[in-house]
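Only this structure's heavy atoms are used, side chains among them; waters, hydrogens and symmetry mates stay out. Everything numeric here is computed off the predicted structure, so don't read it as measured data.
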Amino acid sequence: MVLFTAVFFPVAVLAGCFFAAVSFVGFGSRPPAEPVSIPYEDTSLPGFLLSPPDASGPLPTLIVNNGSDGPGSSTWTLLGAPAVARGFRALSFDGPGQQSILFGRGVPFRPDWENVVTPVVDFLLARPDVDPRRIAPAGISQAGYWVPRALAFEYRIAAAVADPE
């Protein structure tokens, strides 16, 4: 007897669904979401940088970290949307051991999350639309542990939110 079957969709399908969802929640037909590719070791981390409608100039940016069992896009309603509604940019990404990186590329989880957050901060600091003095990671679930660990090593972060529940 089969109790359940896991189905993994190609990243392009998930990205299309995410853009549709962002559009549905009230940002109109052209969501202010930019697909990004974050340089990481010998590969890259896929993500979305979401911005308030009609935003310009450097803005504070929230780095959205999901736990170990969900895609970065699943944190949109809990972390991304509230940040964007308050004038922040929100960067959501899949890291090592998460969704597209694990299933599509075989890159496993790593406990030293500071080695993931530092390249993400490097990526953001290279962008003129990010305020370099106002970058903050937020982590839920397992990332509620990873974010404080990253803070111990990454000095360019201004603040953080950690929710291990």
Side-chain angles (χ1 to χ4, degrees), residues 11-12 14-16 18-19 22 27 30-68 70-76 78-162:
V11 174
L14 293 176
F18 182 64
F19 272 112
V22 172
F27 287 118
R30 186 176 165 101
E34 174 189 347
V36 296
S37 181
I38 303 163
Y40 171 76
E41 294 185 347
D42 60 348
T43 186
S44 63
L45 305 176
F48 294 96
L49 183 63
L50 298 111
S51 300
D54 303 320
S56 63
L59 295 178
T61 302
L62 186 72
I63 302 171
V64 177
N65 291 262
N66 197 16
S68 59
S73 58
S74 70
T75 58
W76 167 247
L78 182 61
L79 297 171
V84 170
R86 288 166 176 80
F88 282 67
R89 297 190 196 286
L91 175 65
S92 178
F93 68 98
D94 283 344
Q98 296 176 321
Q99 297 298 305
S100 65
I101 300 300
L102 176 62
F103 302 125
R105 301 183 198 169
V107 178
F109 163 75
R110 61 185 302 165
D112 54 346
W113 203 248
E114 64 275 9
N115 289 312
V116 177
V117 170
T118 292
V120 171
V121 172
D122 291 341
F123 169 79
L124 290 171
L125 289 176
R127 297 182 60 99
D129 57 354
V130 171
D131 183 338
R133 295 167 294 131
R134 297 190 295 168
I135 295 174
I140 58 170
S141 190
Q142 181 66 33
Y145 164 77
W146 297 337
V147 164
R149 181 182 166 96
L151 288 175
F153 299 92
E154 179 51 70
Y155 63 91
R156 299 171 294 178
I157 292 173
V161 177

If you measure from [atom1] on [X] to [atom2] on [Y], what distance do you get to the nearest 0.5 Å?
X	Y	atom1	atom2	result
Ser92	Leu62	OG	CG	9.5 Å
Tyr40	Asn115	OH	CG	7.0 Å
Phe93	Ile63	CZ	CD1	7.0 Å
Ser44	Ile101	OG	CD1	6.5 Å

Considering all heavy atoms of both residues, which atom of [X] and which atom of [Y] are nearest to each other, and what is their separation?
X	Y	answer
Ala136	Ala160	CB-N, 4.4 Å
Ser141	Gly67	CB-CA, 4.0 Å
Leu125	Pro132	CD2-CB, 3.4 Å
Pro108	Gly106	CD-O, 3.3 Å
Pro39	Pro119	O-CB, 3.5 Å

Residues in salt bridge (Lys or Arg N to Asp or Glu O under 4.0 Å) with Arg110, at least two apart?
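Arg110: salt bridge (Lys or Arg N to Asp or Glu O under 4.0 Å) contacts with Glu41, Asp112.
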Taking C-beta and beyond as the side chain, do [X] and [Y] meet within less than 4.5 Å on heavy atoms?
X	Y	value
Ile157	Val117	yes
Leu91	Ile38	yes
Phe48	Pro35	yes
Gln98	Val116	no
Phe123	Leu45	no
Arg89	Leu124	no

Would you be so kind as to tabulate the donor-acceptor pairs closer than 3.5 Å made by side chains of residues 142-152, with sequence neighbours excluded?
{"from": "Arg149", "atom 1": "NE", "to": "Pro111", "atom 2": "O", "distance (Å)": "3.4"}
{"from": "Arg149", "atom 1": "NE", "to": "Glu114", "atom 2": "OE1", "distance (Å)": "2.7"}
{"from": "Arg149", "atom 1": "NH2", "to": "Glu114", "atom 2": "OE2", "distance (Å)": "3.1"}

Val120 and Asn65: CA distance, side-chain angles, deciding distance, side-chain contact (heavy atoms from CB on, under 4.5 Å) verdict
CA-CA 11 Å; Val120 171; Asn65 291 262; over 6 Å; no
Ile140: side chain to side chain contact (heavy atoms under 4.5 Å, CB included) partners, not counting sequence neighbours
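So Ile140 forms a side chain to side chain contact (heavy atoms under 4.5 Å, CB included) with Asn66, Thr75, Leu78, Leu79, Asp163.
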Does Arg105 have any side-chain hydrogen bond (donor to acceptor under 3.5 Å, both in side chains) partners at least two apart in sequence or in another chain, and if so, which?
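In terms of side-chain hydrogen bond (donor to acceptor under 3.5 Å, both in side chains), with neighbours along the sequence ignored, Arg105 is linked to Thr43.
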Any donor-acceptor pair under 3.5 Å linking the side chain of Thr61 with the backbone of Leu59?
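Judged by distance alone, yes, a pair lies under 3.5 Å.
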Just grab all the salt bridge (Lys or Arg N to Asp or Glu O under 4.0 Å) pairs involving residues 150-159, residues at least two apart or on different chains.
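Of all non-adjacent pairs touching residues 150-159, those that pass salt bridge (Lys or Arg N to Asp or Glu O under 4.0 Å) are Asp122-Arg156, Glu154-Arg156.
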